[in-house]
Asker: 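Mind looking over this structure? Questions follow.
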Amino acid sequence: MGKLNVAIMRYLTSEDFRVLTAIEMGMKNHELVPGPLAASIASLQHGGVHKLLRDLCKHGLLSYERGKKYDGYRLTNMGYDYLALHSLTRREIIGSFGNQIGVGKESNIYIVASSEGEELCLKLHRLGRVCFRNVTNKRDYHKHRKSASWLYLSRISATKEFAYMKALYDRKFPVPKPLDFNRHCVIMELVKGKPLCHVMDLDDVEALYDELMNLIVRFADSGVIHGDFNEFNIMIKDDEKPVIIDFPQMVSTAHENAEMFFNRDVNCIRTFFKKRFDYESELYPKFSDIERTDALDAEILCSGFTKEMARDINLELGIDVEVKSDEEPEENNPEDTKEEVQDCSVDEIFNKMKIKNEHSFKLDSDQESNDSFERFES
Ligand code: ADP
Ligand code: MG
């Protein structure tokens with residue numbers, strides 16, 4: 001684990017970022033983005049773009065690859081990181097970068113500082129890359145998105161995390177204060193404490209056990225289940241108070257498997273307390289104890305985190321597609337859905353980069369097979 005290599009960011013010009021963004025946009029419909037297409041999306045001269053592309057490859061932000069039909073560029077993880085960090089830096093959310101503090105299952109975690117010097121936590125979501133869960137389900141669903149699905153999935157994971165963290169924080173749940181997000185990056189308060197898995201003894205084991213079980217119930221009364229409520233996602237502060245983190249897998253209590261998710265969270269705590277602290281209690285919450293007092297789950301779906309996004313991320317995380325019995329059936333139009341999902345990020349990018357949007361819609365996947373792109377000589 002080391003520092004985020006951000007020194008290079010200082011040397012990148014606005015044209016570099018324009019080209020990186022053009023590749024990001026091109027990747028919505030193309031596995032590899034040919035040089036001339038990048039030049040056209042970026043509205044820059046082909047000759048000039050050639051050198052920019054080459055330098056971006058040299059710095060590891062893009063890679064140039066040989067495809068079956070044509071060769072072209074794709075964003076690397078690092079390239080995507082820079083796009084997000086660039087936006088967050090311009091918004092003056094981040095002032096400087098520090099060390100990596102964690103590698104999660106599906107993320108990298110860094111300490112960063114605000115422009116006022118306050119230490120914050122940066123979480124880079126990484127989904128949809130080397131993952132073979134639900135391959136058969138996913139193959140069908142993601143066939144339109146091809147290689148861009150890791151961009152898309154990482155972005156919705158961050159969007160979902162931010163939306164839940166904000167709704168929970170607003171309700172005074174003990175979660176880090178969410179500060180901002182962009183693409184696959186979430187910026188939140190840095191929790192001063194250590195994960196429960198590193199805590200060997202406690203002054204009051206029973207108090208923490210009760211507090212955690214009460215939290216599970218409070219979540220459920222609000223309409224949600226954490227879904228990964230374990231010793232890795234519970235931070236313990238010096239005063240032995242818990243702070244809950246890691247929200248991309250949260251589900252509604254209206255999910256068809258809600259009871260199973262709820263019991264799994266409860267059992268994680270029971271099992272851990274028995275193993276680590278030799279503590280067992282007859283008292284633990286049951287799904288039937290829940291008294292719904294809030295609709296946090298519904299609020300999330302109004303916050304820009306759409307149903308389609310929810311479905312896609314759940315599929316990726318192995319949570320079955322949500323079926324809510326108390327709801328009208330959704331319109332069955334997968335094509336509309338796809339467009340909606342793509343539009344929202346295209347708009348975001350256009351706003352930032354002020355690129356005219358005529359180019360991005362010129363080429364769709366049908367045209368891709370008919371057009372023969374000029375080979376890019378590198
Ligand atoms: P993943 O989804 O990959 O499991 P997590 O959100 O659980 O990612 O974060 C991974 C690790 O990073 C945590 O176990 C914790 O040690 C650290 N971490 C995450 N968020 C924070 C935070 N806000 N403050 C301090 N440490 C954090
Ligand atoms: Mg975690």
Side-chain angles (χ1 to χ4, degrees), residues 1-4 77 80-81 84 88 93-94 97-114 118-131 133 150 153-170 172-200 212 215-216 219 224-251 261 264-265 268-269 271-272 276 305 312-314 316-319:
M1 288 194 271
K3 273 193 191 296
L4 207 56
N77 269 339
Y80 199 44
D81 294 350
L88 291 165
I93 301 297
I94 306 178
F97 297 86
N99 287 320
Q100 186 165 7
I101 51 168
V103 191
K105 295 189 305 295
E106 267 134 1
S107 72
N108 294 342
I109 314 279
Y110 293 88
I111 294 186
V112 295
S114 70
E118 187 197 353
E119 283 194 321
L120 305 171
C121 175
L122 161 71
K123 179 168 175 179
L124 298 169
H125 290 244
R126 307 227 186 267
L127 259 80
R129 292 224 99 171
V130 223
C131 176
R133 278 177 300 182
W150 69 270
L153 288 167
S154 304
R155 180 169 67 81
I156 51 176
S157 177
T159 308
K160 179 175 179 184
E161 175 148 89
F162 189 86
Y164 272 95
M165 213 186 316
K166 181 162 187 333
L168 292 168
Y169 185 81
D170 289 348
K172 305 202 162 28
F173 277 96
V175 301
K177 181 178 185 181
L179 298 167
D180 201 355
F181 76 103
N182 182 269
R183 296 181 173 81
H184 62 316
C185 293
V186 175
I187 308 285
M188 64 185 118
E189 176 189 348
L190 181 70
V191 179
K192 302 273 157 50
K194 52 184 176 181
L196 180 58
C197 59
H198 292 159
V199 174
M200 290 306 156
L212 293 174
L215 273 174
I216 293 178
F219 277 144
V224 294
I225 299 165
H226 184 279
D228 203 9
F229 202 82
N230 60 39
E231 62 272 27
F232 304 99
N233 294 328
I234 298 167
M235 303 289 290
I236 303 295
K237 296 188 290 185
D238 288 344
D239 60 3
E240 297 192 353
K241 291 280 184 198
V243 177
I244 311 304
I245 58 168
D246 203 358
F247 310 99
Q249 69 295 316
M250 284 193 78
V251 290
F261 292 125
R264 197 173 65 186
D265 280 0
C268 272
I269 298 306
T271 308
F272 179 78
R276 177 67 54 90
F305 178 72
D312 289 350
I313 181 106
N314 283 1
E316 176 67 17
L317 296 174
I319 304 165

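Just follow the structure's listing: the first ligand is 1, and inside any ligand the first atom is 1.
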Asker: What's the shortest distance from atom 14 (O) of ligand 1 to any protein heavy atom, and which residue and atom give it?
Answerer: Phe232 O, 3.1 Å

Asker: Near Cys121, which atoms of ligand 1 are under 4.0 Å from a heavy atom of that residue?
Answerer: 20 (N), 21 (C), 22 (C), 23 (N)

Asker: State the atoms of ligand 1, each with its element, that fall below the 4.0 Å cut-off from a heavy-atom position in Leu190.
Answerer: 24 (N), 25 (C)

Asker: What atoms of ligand 1 come within less than 4.0 Å of a heavy atom belonging to Pro195?
Answerer: 16 (O)

Asker: Does the pair Asp246 and Lys123 meet the rule for a salt bridge (Lys or Arg N to Asp or Glu O under 4.0 Å), with working shown?
Answerer: CA-CA 10 Å; Asp246 203 358; Lys123 179 168 175 179; 3.1 Å; yes

Asker: Is there a side-chain contact (heavy atoms from CB on, under 4.5 Å) between Gln249 and Phe261? Walk through the geometry before answering.
Answerer: CA-CA 10 Å; Gln249 69 295 316; Phe261 292 125; over 6 Å; no

Asker: Could an N or O of ligand 1 be found under 3.5 Å from any N or O of Met188, whether backbone or side chain?
Answerer: no

Asker: Of the backbone and side-chain N, O or S atoms of Asn233, does one lie nearer to the Mg ion (ligand 2) than 2.8 Å?
Answerer: yes

Asker: Does Met235 have a non-hydrogen atom less than 4.0 Å from ligand 1?
Answerer: yes

Asker: With a cut-off of 4.0 Å, which atoms of ligand 1 are near a heavy atom of Glu189?
Answerer: 22 (C), 23 (N)

Asker: Could an N or O of ligand 1 be found under 3.5 Å from any N or O of Glu161, whether backbone or side chain?
Answerer: no

Asker: Could you tell me whether a side-chain N or O of Arg126 sits under 3.5 Å from a main-chain N or O of His184, the two making a donor and an acceptor?
Answerer: no

Asker: What N/O/S atom of Asp246 is the closest to the Mg ion (ligand 2)?
Answerer: OD2

Asker: Got Ile111 and Leu122 here, is their nearest side-chain heavy-atom distance under 4.5 Å?
Answerer: no

Asker: Between Asp312 and Glu316, does a side-chain contact (heavy atoms from CB on, under 4.5 Å) hold up when you go through it step by step?
Answerer: CA-CA 6 Å; Asp312 289 350; Glu316 176 67 17; over 6 Å; no

Asker: What residue and atom, counting heavy atoms only, is the protein's closest point to atom 13 (C) of ligand 1, and at what distance?
Answerer: Ile245 CD1, 3.5 Å

Asker: Between Lys160, Glu106, Glu161, which is the residue that forms a side chain to side chain contact (heavy atoms under 4.5 Å, CB included) with His125?
Answerer: Glu161

Asker: What distance do Asp238 atom CG and Lys192 atom NZ have between them, rounded to the nearest 0.5 Å?
Answerer: 10.5 Å

Asker: Less than 6.0 Å separating the ring centroids of Phe162 and Phe305?
Answerer: no

Asker: Would you say Gln100 and Ile109 make side-chain contact, with heavy atoms under 4.5 Å?
Answerer: no

Asker: Please state which protein non-hydrogen atom is closest to atom 4 (O) of ligand 1 and give its distance, to 0.1 Å?
Answerer: Asp246 OD2, 2.9 Å

Asker: Considering the heavy atoms of Ser107, write down every atom of ligand 1 situated less than 4.0 Å from one of them.
Answerer: 1 (P), 3 (O), 8 (O)

Asker: Looking only at protein heavy atoms, which one is nearest to atom 6 (O) of ligand 1, and what is the separation?
Answerer: Lys123 NZ, 2.7 Å

Asker: Taking all non-hydrogen atoms of both residues into account, name the closest pair between Leu127 and Ser154 and its distance.
Answerer: N-OG, 3.0 Å

Asker: Can you confirm whether the side chains of Asp228 and Asn230 place a donor and an acceptor under 3.5 Å from each other?
Answerer: yes

Asker: What protein heavy atom lies closest to atom 24 (N) of ligand 1? Include the residue and the distance to one decimal.
Answerer: Val191 N, 2.8 Å

Asker: Show the atoms of ligand 1 that are less than 4.0 angstrom away from any heavy atom in Glu106.
Answerer: 3 (O)

Asker: To check your reading of the model: name the closest protein heavy atom to atom 12 (O) of ligand 1, its residue, and the distance in Å.
Answerer: Ile109 CG1, 3.3 Å

